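Okay, so here's the structure we're looking at.
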Amino acid sequence: MPMKIIISGYGKMGKEIEKIATERNHSIVAIIDTEKDWKNFIKNPLSADVVIDFSTPSTAVGNIKRCFALNLRIVTGTTGWNDQLKAIKTLCLSNNQAMFYASNFSIGVNIFFEVNKKLAQLMKSQEQYEVFLEETHHLQKIDSPSGTAITLANEIIKNIDRKKDWINTKEKNDSSVEIKSIRAENITGIHTIFYESSVDTIEIKHIAKNRIGFAVGAVLAAEWIQGKKGFFEMKDLLNF
Ligand SMILES: NC(=O)c1ccc[n+]([C@@H]2O[C@H](COP(=O)([O-])OP(=O)(O)OC[C@H]3O[C@@H](n4cnc5c(N)ncnc54)[C@H](O)[C@@H]3O)[C@@H](O)[C@H]2O)c1
């Protein structure tokens, strides 16, 4: 069914969403790219089937709350606001709204999340291995570490008792999963998990070649959330 879509955040991802959505016969009824655009939109709101938000870490939560207030379904891939995720989920459910959040919308990364979980379960009792993560992204990325790296680290922490939290600094300690963040020219996103012992290294890696996979996943999520109420994630869409 063709949908009416509002794009919130018309940067690298917003433009990719526009392309994929149009290819799938959906129409873009509004493009919002600044605080001022949102204020103008609220004065004269349009109806739409969904808002797809790829904005900035500091504006994402405000945009989600605006969508709840306007009874607009929201699909958001914006990262860097993890500390408020629990509160937003509660707000979504208590206000009977519909929201879909993924720190990474790529199908491949979500398969990688499952492989990471399985590997962590296997490594739970293998204390001779130290686990750490590395994420590399383009120079414009605002948040650090990436939302995807945080999701990967949290799954490791859930499964490996000797790990209690993650750190993104050079000060290593035995109970934290270290996440190294690297910023370099023209890298869409690379995530690697290392398990290192004195005799070997096990490494799993995902390399995003471009942004198309993220945009396709977000548009699929927007299609899937139609007619639903609640808070959803990729595991709901993919049936993992
Ligand atoms: N979940 C995923 O699969 C996934 C994939 C890629 C990127 N991301 C995340 O999506 C976000 C956007 O990434 P990008 O590469 O497109 O960034 P970008 O910097 O290219 O685009 C962000 C856009 O948001 C706009 N903006 C600023 N304030 C706004 C507001 N109040 N409301 C709406 N838009 C506003 C900016 O003008 C800009 O055009 C980042 O947080 C990034 O980490 C997530």
Side-chain angles (χ1 to χ4, degrees), residues 57 60 76-90 99-138 141-184 187-209 211 213-214 217-218 221 231-240:
T76 181
T78 309
T79 54
W81 55 276
N82 238 49
D83 52 333
Q84 294 175 77
L85 183 59
K86 224 172 165 181
I88 284 292
K89 185 175 174 177
T90 306
M99 170 173 174
F100 196 116
Y101 169 69
S103 66
N104 197 309
F105 274 101
S106 128
I107 308 287
V109 160
N110 283 276
I111 292 167
F112 187 63
F113 284 157
E114 292 300 305
V115 175
N116 172 51
K117 193 197 294 184
K118 179 73 190 164
L119 184 56
Q121 285 161 1
L122 292 170
M123 299 308 270
K124 185 181 161 83
S125 51
Q126 303 298 332
E127 296 197 10
Q128 70 276 30
Y129 285 92
E130 182 53 278
V131 56
F132 59 96
L133 272 78
E134 196 177 273
E135 57 100 352
T136 310
H137 282 87
H138 52 89
K141 185 163 179 64
I142 299 171
D143 52 320
S144 181
S146 68
T148 303
I150 294 173
T151 304
L152 289 163
N154 283 339
E155 198 59 56
I156 292 168
I157 293 157
K158 218 190 278 174
N159 283 286
I160 298 188
D161 297 340
R162 59 187 184 276
K163 295 296 173 189
K164 307 291 178 213
D165 55 18
W166 56 263
I167 47 164
N168 192 219
T169 66
K170 289 194 171 60
E171 295 150 31
K172 291 187 196 172
N173 68 65
D174 288 348
S175 65
S176 303
V177 177
E178 187 196 358
I179 306 176
K180 292 182 188 170
S181 294
I182 299 164
R183 296 292 171 259
I187 307 277
T188 305
I190 304 174
H191 291 88
T192 316
I193 297 147
F194 300 87
Y195 285 87
E196 197 165 77
S197 76
S198 59
V199 295
D200 59 6
T201 303
I202 299 171
E203 191 181 311
I204 56 169
K205 180 184 247 180
H206 180 273
I207 305 171
K209 293 184 177 174
R211 293 183 173 80
F214 309 133
F231 180 91
F232 303 101
E233 299 169 90
M234 286 302 271
K235 62 177 165 35
D236 302 308
L237 171 67
L238 295 171
N239 272 325
F240 282 157

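Everything numeric here is computed off the predicted structure, so don't read it as measured data.
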In the structure I gave you, are the side-chain heavy atoms of [X] and [Y] within less than 4.5 Å of one another anywhere?
X    : Y    : value
I187 : I182 : no
F112 : N104 : no
I88  : Y101 : no
W81  : T76  : yes
F194 : E134 : yes
L133 : W166 : no
I111 : F240 : yes

Residues, nucleotides or ligands: over 12 heavy atoms within 6.0 Å of D174 CG:
no
Under 3.5 Å, is there a donor-acceptor pair between the side chain of [X] and the main chain of [Y]?
X    : Y    : value
N159 : A120 : no
K235 : F232 : no
R162 : K124 : yes

Closest heavy-atom contact between [X] and [Y]?
X    : Y    : result
D165 : S176 : OD1-OG, 2.5 Å
T188 : H138 : O-CD2, 4.2 Å
F105 : G77  : CE1-CA, 3.5 Å
S181 : P145 : OG-CA, 3.5 Å
T169 : E178 : O-OE2, 3.8 Å

Starting from the C-alpha separation in whole Å, work towards a yes-or-no answer on side-chain contact (heavy atoms from CB on, under 4.5 Å) for H191 and V109.
CA-CA 9 Å; H191 291 88; V109 160; 5.5 Å; no
For Y195 and I204, what are the C-alpha separation, side-chain angles and deciding distance, and is it a side-chain contact (heavy atoms from CB on, under 4.5 Å)?
CA-CA 9 Å; Y195 285 87; I204 56 169; over 6 Å; no
Side chain to side chain donor-acceptor pair (under 3.5 Å) partner of S103, the single match among T151, T78, N110, T79
T151
From the options K180, H206, R183, K141, select the one residue that forms a side chain to side chain donor-acceptor pair (under 3.5 Å) with E135.
R183
side-chain contact (heavy atoms from CB on, under 4.5 Å) for F113 and L152? Distances and angles first, verdict last.
CA-CA 6 Å; F113 284 157; L152 289 163; 3.5 Å; yes
How long is the span from the [atom1] atom in [X] to the [atom2] atom in [Y], to the nearest 0.5 Å?
X    : Y    : atom1 : atom2 : value
S175 : I160 : OG    : CD1   : 13.0 Å
S197 : I202 : OG    : CD1   : 7.5 Å
I193 : L119 : CD1   : CG    : 7.5 Å

Run the side-chain contact (heavy atoms from CB on, under 4.5 Å) check on F231 and L85 step by step: do they pass?
CA-CA 11 Å; F231 180 91; L85 183 59; 4.0 Å; yes
Under 3.5 Å, is there a donor on one side chain and an acceptor on the other for H137 and S146?
no
Should K163 and E130 count as an ion pair when the cut-off is N to O under 4.0 Å?
yes
